[in-house]
Chemist: 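First the structure, which I've put down as structure tokens, then a few questions once you've had a look.
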Amino acid sequence: MKDTKICGGLYGLLIGDALGVPYEFHMADEIPPYEQIEMQPPAGFCRSYPNIQPGTWSDDGAAALCLLDSLLSQDQFDLHDFSKRIYQWYTQGFWAVDGKVFDVGIQTSQSLNAYSQGVPPEKCGFVRPDGKGNGALMRVLPLALWHQGTNVELVRDAHKQCLITHGHICNQVCCALYTLAARGLLQDMPPKAAILYAVQTLRKLYQDMPEYAEELEWSIRPDLPWEGYGSGYVVDCLRSAFMVIEQAESYEETVKWAIQLGDDTDTTACVAGGLAGIVFGMQGIPKRWLDMLRQRDAVDALLAQL
């Protein structure tokens with residue numbers, strides 16, 4: 001049962017990303033109706049990347065696969081190894097479909113350029129000190145799928161994986177909360193219970209980390225209803241994903257509702273879709289989307305190592 005949740009989580013992330021790619025940067029009122037949201041948008045829709053084939057994951061999926069590849073290779077989270085793989089994606093298309101890199105975030109680009117100039121990975125993610133994009137959140141799920149350690153260790157690694165591109169403490173807290181929620185889902189908790197478990201667990205872990213505790217309470221505001229607007233701001237992305245996963249009754253509903261928010265559609269659907277893949281398993285992901293996802297053999301080979 002757990003195997004289908006793990007596979008569902010990774011494929012849920014990749015398919016959500018690929019499904020959202022054609023609709024990125026369109027506002028909510030420009031998104032096609034629910035029943036027309038597919039890998040191949042309806043005729044006449046202005047695709048965000050007209051030269052990218054349907055079923056192609058973007059930087060979100062590539063970065064997540066870089067993380068999983070690093071974890072399996074090193075049998076631990078190693079920031080330096082992960083940073084090398086992310087840079088290899090950026091410069092050579094490692095884990096990008098067809099080796100083609102597109103849709104690179106501004107902060108990711110600036111951070112990896114700093115890395116190329118010899119800045120230590122622990123400092124690269126601070127080149128924009130107030131940067132709070134969702135570039136670390138979109139890739140972190142494989143950490144939860146792979147991790148066998150304690151909650152303390154999972155949170156520590158969730159923090160550390162941010163540093164190469166998105167070091168701000170807000171990004172670290174969002175990634176920690178997300179991975180704990182994913183852990184709850186892997187333990188068969190329903191979404192609302194898993195998110196509550198994540199919040200309560202993180203509050204306990206942050207008792208001796210006042211700066212992190214303040215970020216959790218005042219930036220993420222976990223006591224408010226989970227509402228989001230599909231933007232690239234890391235807190236809004238997290239809140240958007242939690243909002244749809246709490247309400248959706250299927251994987252398809254989750255990712256389509258995420259896309260209907262508009263704006264950063266690929267990342268919102270990626271972040272929400274990873275959670276939905278855990279909840280509904282591989283069997284819950286529509287076969288038509290699995291069949292359209294490109295380079296599945298490479299993904300299956302990586303999953304086999306889990």
Side-chain angles (χ1 to χ4, degrees), residues 9-26 39 47-71 82-116 121 124-125 127-128 131-143 161-167 171 174-175 178 230-234 236-238 240-241 255 258-259 263-274 293-296 298-299 302:
L10 186 62
Y11 269 113
L13 178 158
L14 293 171
I15 288 172
D17 178 16
L19 185 68
V21 162
Y23 308 99
E24 189 179 16
F25 308 130
H26 289 78
M39 295 275 192
R47 293 166 52 197
S48 300
Y49 302 96
N51 296 324
I52 298 298
Q53 292 186 42
T56 300
W57 62 74
S58 71
D59 58 328
D60 306 43
L65 292 170
C66 284
L67 176 57
L68 182 56
D69 196 1
S70 178
L71 292 168
F82 174 54
S83 299
K84 289 177 183 177
R85 293 171 195 268
I86 284 284
Y87 185 68
Q88 191 177 355
W89 156 76
Y90 181 59
T91 57
Q92 302 173 37
F94 184 58
W95 281 112
V97 178
D98 297 332
K100 188 172 183 178
V101 176
F102 67 100
D103 192 25
V104 182
I106 294 173
Q107 176 152 352
T108 296
S109 178
Q110 292 180 345
S111 298
L112 293 177
N113 287 337
Y115 178 74
S116 72
C124 289
V127 294
R128 299 182 75 183
K132 299 178 185 178
N134 53 19
L137 180 64
M138 70 188 190
R139 69 186 183 224
V140 74
L141 182 63
L143 194 63
Q161 71 87 31
C162 295
L163 299 180
I164 179 60
T165 58
H166 292 73
N171 305 313
C174 285
C175 288
Y178 180 81
S231 76
Y233 170 42
V234 64
D236 183 58
C237 183
L238 179 70
S240 298
V255 291
I259 289 168
D263 198 358
D264 200 3
T265 52
D266 60 330
T267 303
T268 309
C270 164
V271 174
L293 189 70
R294 305 177 65 215
Q295 295 191 193
R296 276 191 63 186
V299 178
L302 203 58

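By convention here, the first residue in the shown sequence is residue 1.
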Chemist: Is there a side-chain contact between Y115 and T165 (heavy atoms, below 4.5 Å)?
Modeler: no

Chemist: Give, for atom CG of D69 and atom CZ of R85, the distance between the pair rounded to the nearest 0.5 Å.
Modeler: 4.5 Å

Chemist: N171 side chain to C162 main-chain N or O, any donor-acceptor pair under 3.5 Å?
Modeler: no

Chemist: Search all heavy atoms of P22 against all heavy atoms of M39 and return the closest pair with its distance.
Modeler: CG-O, 3.7 Å

Chemist: Look up atom NE2 in H26 and atom CG in D263, then write down how far apart they are to the nearest 0.5 Å.
Modeler: 11.5 Å

Chemist: Hey, is the main chain of W95 close enough, under 3.5 Å, to the side chain of W57 for a donor-acceptor pair?
Modeler: yes

Chemist: Find the distance between OG1 (T56) and CG (D103) and round it off to the nearest 0.5 Å.
Modeler: 12.5 Å

Chemist: Below 4.5 Å, heavy atoms only, C-beta onward: do C237 and D264 meet side chain to side chain?
Modeler: no

Chemist: Quick one: does S83's side chain have a donor or acceptor within less than 3.5 Å of a partner on P121's backbone?
Modeler: no

Chemist: Compare every heavy atom of A114 with every heavy atom of C124, then report the nearest pair and how far apart it is.
Modeler: SG-C, 4.2 Å

Chemist: Going by atom types alone, do Y90 and S109 pair a side-chain donor with an acceptor below 3.5 Å?
Modeler: yes

Chemist: Do M138 and D266 come close enough that some side-chain heavy atom pair is under 4.5 Å?
Modeler: no

Chemist: Is the shortest heavy-atom distance from the side chain of V255 to the side chain of I15 under 4.5 Å?
Modeler: no

Chemist: Yes or no on side chain to side chain donor-acceptor pair (under 3.5 Å) for S58 and D17, after CA distance, side-chain angles and deciding distance?
Modeler: CA-CA 7 Å; S58 71; D17 178 16; 2.7 Å; yes

Chemist: If you take all heavy atoms of K132 and Q107, which pair is closest and at what distance?
Modeler: N-OE1, 4.2 Å

Chemist: Checking Y233 now: which residues fulfil ring-ring contact (aromatic ring centres under 6.0 Å, His included) with it, not counting sequence neighbours?
Modeler: none

Chemist: Measuring from atom CG of D60 to atom CG of L65, what distance do you get when rounded to the nearest 0.5 angstrom?
Modeler: 11.0 Å

Chemist: With a 4.5 Å limit on heavy-atom distance, are the side chains of Y87 and I164 in contact?
Modeler: no

Chemist: Could you tell me the separation between the NE2 atom of H166 and the CG atom of L137, rounded to the nearest 0.5 Å?
Modeler: 10.0 Å

Chemist: Give me the atom names and distance for the closest heavy-atom approach of I259 to A269.
Modeler: CG1-CB, 3.9 Å

Chemist: Looking only at heavy atoms, which two atoms of L68 and P142 are closest? And how far apart?
Modeler: CB-CB, 3.8 Å

Chemist: Looking only at heavy atoms, which two atoms of Q295 and D98 are closest? And how far apart?
Modeler: OE1-N, 2.7 Å

Chemist: Within the 4.5 Å heavy-atom criterion, are V271 and N134 side-chain neighbours or not?
Modeler: no

Chemist: Evaluate side-chain contact (heavy atoms from CB on, under 4.5 Å) for T108 paired with D59, printing each intermediate quantity in order.
Modeler: CA-CA 10 Å; T108 296; D59 58 328; 5.7 Å; no

Chemist: Is it the case that the side chain of T265 and the backbone of G20 share a donor-acceptor pair, with hydrogens and angles ignored and the cut-off at 3.5 Å?
Modeler: yes

Chemist: In Å, rounded to the nearest 0.5 Å, how long is the span from OG of S111 to CD1 of I106?
Modeler: 11.5 Å

Chemist: Test side-chain contact (heavy atoms from CB on, under 4.5 Å) on Y178 and V234 and set out the steps.
Modeler: CA-CA 11 Å; Y178 180 81; V234 64; over 6 Å; no

Chemist: Could you check whether any side-chain heavy atom of L67 comes within less than 4.5 Å of a side-chain heavy atom of I86, counting everything from C-beta outward?
Modeler: no

Chemist: Tell me whether R139 contacts the main-chain N or O of C66 through its side chain, where contact means a donor paired with an acceptor under 3.5 Å.
Modeler: no

Chemist: Answer whether the closest heavy-atom distance between the side chains of L14 and R296 falls below 4.5 Å.
Modeler: no

